[in-house]
Amino acid sequence: METTIAKRKNPVQQTDFLPLEGTDYVEFYVGNAKQAAHFYKTAFGFQSLAYAGPETGVKDKASYAIRQNKLTFVLTTPLKKDSAIAEHIHKHGDGVKALALRVDDAYDAWHQTTNRGAISYMRPEVLHDEDGEVAVSGIETYGDTVHLFIERKNYNGAFMPGYKKWETEYNPTDTGLQYVDHCVGNVGWNQMNKWVKFYEDVMGFRNILSFDDEDISTEYSALMSKVMSNGNGYVKFPINEPAEGKKKSQVEEYLEFYNGEGVQHVALATNNIVETVMDLQQRGVEFLKVPSTYYDDLIDRVGKIDEDIEPLKELGILVDRDDEGYLLQIFTKPVEDRPTLFFEIIQRKGAKSFGKGNFKALFEAIEREQGLRGNL
Ligand code: FE2
């Protein structure tokens with residue numbers, strides 16, 4: 001009897017000890033936040049939201065918060081050389097520092113996760129200004145990346161205490177990007193299961209999908225991936241690790257240039273991928289392209305879809321189907337000189353998966369770029 005109980009790996013579903021309301025914002029540490037904010041506004045269609053820096057009483061850094069629908073990015077740069085932010089940029093180049101998650105209780109989120117083994121990044125703190133208060137806490141995850149827990153139910157200001165509303169005439173129209181669909185982390189050799197366990201034990205996530213190196217391999221290189229999701233499915237973190245292949249895996253290339261583990265891509269959802277991608281391309285965002293032969297047997301592979309094939313082919317949008325529907329997706333090239341962070345644009349039409357049917361064509365496209373960089 002006792003043995004049976006000990007063997008049960010998944011006991012009765014417990015209540016979610018870390019209820020998450022979704023992604024609050026993504027914070028990037030960058031070499032020049034003013035220019036990065038301009039890039040994301042101009043190229044991706046974000047609007048100015050809030051600013052923090054010397055003018056608002058913050059002496060050591062400048063941060064620009066920008067928003068598009070439910071999507072908020074924060075671009076932060078150090079003002080002095082001796083700072084943790086400067087060190088982060090020196091080591092990693094521009095990249096994602098914080099995946100901030102919206103919670104109802106930032107103290108409880110910190111307490112629940114640190115009690116389960118998370119390393120504290122920031123003890124719970126309540127920030128005040130005339131618009132109310134925001135409670136913030138944080139824990140460390142893979143590499144130098146962190147999760148912040150943001151409780152803002154008692155706040156009515158533009159973004160957070162410490163920021164002021166960013167007033168500017170320059171606000172390009174949006175491109176239809178809506179919210180963060182998922183954020184992918186690249187971790188080191190044989191580290192995927194360690195981080196899967198971290199998300200299970202420390203944050204109460206479940207492993208909803210796994211891809212082995214058979215699923216994700218080309219003639220040359222391979223990777224493995226497991227998708228972690230929180231209870232309500234609002235927050236999804238796939239975790240990749242490199243796998244043995246004839247040549248260097250794209251994850252290895254990332255680890256080398258990022259100098260360690262970190263966020264590989266952030267997937268941004270749209271309700272009309274054709275219009276969004278057309279707009280992004282006109283604004284200069286560069287995407288990976290698959291050979292046009294990809295579209296020759298597309299309908300045989302994915303069945304009937306609502307969209308015309310021709311614009312998909314012209315823009316390079318990929319399609320995949322699962323049991324619940326289909327999805328359309330496309331990937332940008334890295335958005336900095338190091339081959340590290342990139343974005344995915346995704347439109348889901350029922351499908352809850354991640355485009356497994358596109359992995360081969362996509363990774364061959366990535367390898368062509370890796371080859372051009374001499375890193376294959
Ligand atoms: Fe993705």
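This one's a predicted model, so the numbers in the text were calculated from it and none came from an experiment. Heavy-atom basis, side chains included; hydrogens, waters and symmetry copies ignored. Indexing begins at 1, ligand by ligand and atom by atom, following the structure's order.
Note on ring orientation: taking the six-membered ring where Trp is involved, the planes of Tyr40 and Phe44 are tilted (angle from 30° to 60°).
With a 4.5 Å cut-off between side-chain heavy atoms of Ile, Leu, Val, Met, Phe, Trp and Tyr, the cluster of Val136 takes in Tyr25, Tyr29, Leu49, Val74, Ile85, Ile89, Tyr121, Met122, Leu127, Val134, Val146, Leu148, Ile150, Tyr155, Phe159, Met160, Tyr163. Other residues sharing the hydrophobic cluster of Leu79, ordered by chain and number and joined by side-chain separations under 4.5 Å: none, the residue standing alone.
The ring pair (Phe, Tyr, Trp, His ring centres under 6.0 Å) test applied to Tyr107 returns His111, not counting sequence neighbours.
Within 6.0 Å of CZ on Arg123 lie no more than 12 heavy atoms contributed by other residues, nucleotides or ligands.
Within a radius of less than 2.8 Å around the Fe ion (ligand 1), the protein N, O or S atoms are His182 NE2, His265 NE2, Glu344 OE1.
For the atom pair CG (Asn232) and CG (Leu20), the distance works out to 7.0 Å, reported to the nearest 0.5 Å.
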